[in-house]
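All heavy atoms count here, side chains included; hydrogens, waters and symmetry mates do not.
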Amino acid sequence: MTRSAGKRNSGRLCSLYESLLSEFGPQGWWPTIGSQHPASGSQEMAFLYHPGDYSFPRTEEERFGIIAGALLTQNTNWKNVEKALLSLHGSGNLSPERILSLPLSELETLIRPAGYFRQKARRLKSLSEAYLKADGDKETEELRKYFLSINGVGPETADSILLYAYRRPSFVIDAYTRRMCSSLNLFHGRTYDDYRNFFQSNLPPEPGLFNEFHALMVEWGKRNQKKPI
DNA sequence: AACCAGGACGTGA
DNA sequence: TCACGTCATGGT
């Protein structure tokens with residue numbers, strides 16, 4: 001990659017980001033559980049987005065909810081994941097310690113709406129154990145390798161955990177990102193890491209930027225799946 | 001009623 | 001490496 005090609009890609013990415021942001025607005029990822037009507041004291045829980053807030057997860061449950069959600073949403077509609085996470089929360093089990101102490105069959109029942117529930121129940125236990133043992137002071141790429149070594153955690157899940165739960169500058173690549181790259185003739189790569197390297201080498205390593213950019217591309221994908229551009 | 005959704009893994013060639 | 005089957009629920 002020549003220096004001029006690199007600058008050209010950076011420019012394209014930055015203007016793409018700006019136009020997506022002005023068209024769709026801040027997406028407020030990652031959604032977390034909160035009460036829907038805090039002022040009225042209603043206890044009805046729902047998933048809340050927080051547009052423009054790129055700060056660290058506020059509570060331990062919030063952070064673990066992101067991690068569990070990243071695993072549960074694999075090849076699954078997010079609405080189904082919400083049901084699973086709400087049942088974990090509602091039963092007081094949305095923590096790594098509680099997940100580990102739950103009998104496997106009970107965990108399966110709680111997360112059933114998220115699909116692949118047998119596989120995901122086992123993997124959620126191993127991820128919980130790994131999360132408890134994780135060294136949050138590790139350098140980003142080392143922490144990434146650590147999570148990638150856990151069964152059930154592939155590159156997209158690892159990067160979602162790093163970016164949204166740890167606020168590390170690790171760019172998340174998903175099916176929408178690839179579709180967008182090819183349909184805009186922006187980049188064509190072979191592997192996951194090809195795409196990740198493309199974004200990371202052409203953007204400043206800011207977690208807030210990576211956060212919003214990924215979420216915006218997902219929104220673009222959702223809007224353009226029925227009515228292609 | 002097939003098809004898709006914010007993937008990952010095991011297998012055989 | 002890589003193509004292919006498997007894992008499962010819920011909405012369209």
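Separating the P atom of B:dA8 from that of C:dG10 is a span of 22 Å, rounded to the nearest Å. Spacing of P atoms, C:dC7 relative to B:dG6, comes out at 22 Å, to the nearest Å. Taking atom P in both C:dG5 and B:dC3, the straight-line distance is 14 Å, to the nearest Å.
The only member of A:L71, A:L110, A:I67 that meets side chain to side chain contact (heavy atoms under 4.5 Å, CB included) when paired with A:L124 is A:L71.
As rounded to whole Å, 10 Å separates atom P of B:dA8 from atom CG of A:D174. Taking atom CG of residue A:D193 and atom P of nucleotide C:dT1, one finds them 13 Å apart after rounding to whole Å. As rounded to whole Å, 15 Å separates atom P of C:dC7 from atom CZ of A:R112. Distance A:R122 CZ to B:dA8 P: 16 Å, rounded to the nearest Å. Between the P atom of B:dG6 and the CD atom of A:Q74 lies a distance of 13 Å, rounded to the nearest Å. In this structure, CD of A:Q119 is placed 17 Å from P of C:dG5, rounded to the nearest angstrom. Residue A:Y116 contributes atom OH, which lies 12 Å from atom C1' of C:dG5 at whole-angstrom precision. The distance between atom CZ of A:R144 and atom P of B:dA8, rounded to the nearest whole Å, is 10 Å.
Here A:R123 does not reach the OP1 or OP2 of C:dC7: none of its side-chain N or O atoms lies under 4.0 Å away. An OP1 or OP2 oxygen of B:dG6 is reached within less than 4.0 angstrom by no side-chain nitrogen or oxygen of A:R178. The phosphate of C:dG11 (OP1 or OP2) has a side-chain N or O of A:K83 nearer than 4.0 angstrom. Residue A:T157 has a polar side-chain atom (N or O) positioned under 4.0 Å from OP1 or OP2 of B:dA8.
Relative to the side chain of A:A175, the nucleotides B:dA8, B:dG7, C:dA8 differ in distance, and B:dG7 lies closest. Side-chain proximity of A:N151 to C:dT1, B:dG10, B:dA5: nearest is B:dG10. Comparing C:dT9, B:dA5, B:dG7 against the side chain of A:E156 picks out B:dG7 as the nearest. Side-chain proximity of A:T76 to C:dA8, C:dG10, B:dG6: nearest is C:dA8. With B:dG6, C:dT9, C:dA8 as the candidates, the nucleotide lying closest to the side chain of A:N80 is C:dT9. In the set C:dT1, B:dA5, C:dA8, C:dA8 carries the atom at the smallest distance from any side-chain atom of A:F117.
We find that the ring of A:W29 and the base of B:dG6 stack, their centres lying under 5.5 angstrom apart and their planes tilted less than 30°. Once the 5.5 Å centre distance and the 30° plane angle are applied, the aromatic ring of A:W78 is found not to be stacked with the base of B:dA5.
Of the N and O atoms on the side chains of A:Y192 and A:D159, at least one donor lies less than 3.5 Å from an acceptor on the other residue. No side-chain N or O of A:H37 forms a donor-acceptor pair with one of A:E44 less than 3.5 Å apart.
Across all strands shown, A:G115 has heavy atoms under 4.0 Å from base atoms, whether or not it also approaches the sugar-phosphate. Residue-level contact check: A:L72 touches neither bases nor backbone, having no heavy atom under 4.0 Å from any strand. A:F47 comes within 4.0 angstrom of no nucleic acid atom, judged by non-hydrogen atoms across all strands. Backbone-only contact: A:V153 has heavy atoms under 4.0 Å from sugar-phosphate atoms and none from a base.
Smallest separation of non-hydrogen atoms from A:S91 and A:S87: OG-O, 2.7 Å.
With A:F171 as the aromatic partner, A:R196 does not meet the cation-pi criteria of under 6.0 angstrom to the ring centre and within 45 degrees of the ring axis.
Note on ring orientation: taking the six-membered ring where Trp is involved, the planes of A:Y166 and A:F147 are tilted (angle from 30° to 60°).
Mapping A:L148 and A:Y49 onto DNA chain B by nearest heavy atom places A:Y49 at the nucleotide closer to the 5' end.
Under the 6.0 Å cut-off for aromatic ring centres, A:W78 and A:F47 qualify, their centroids lying closer than that.
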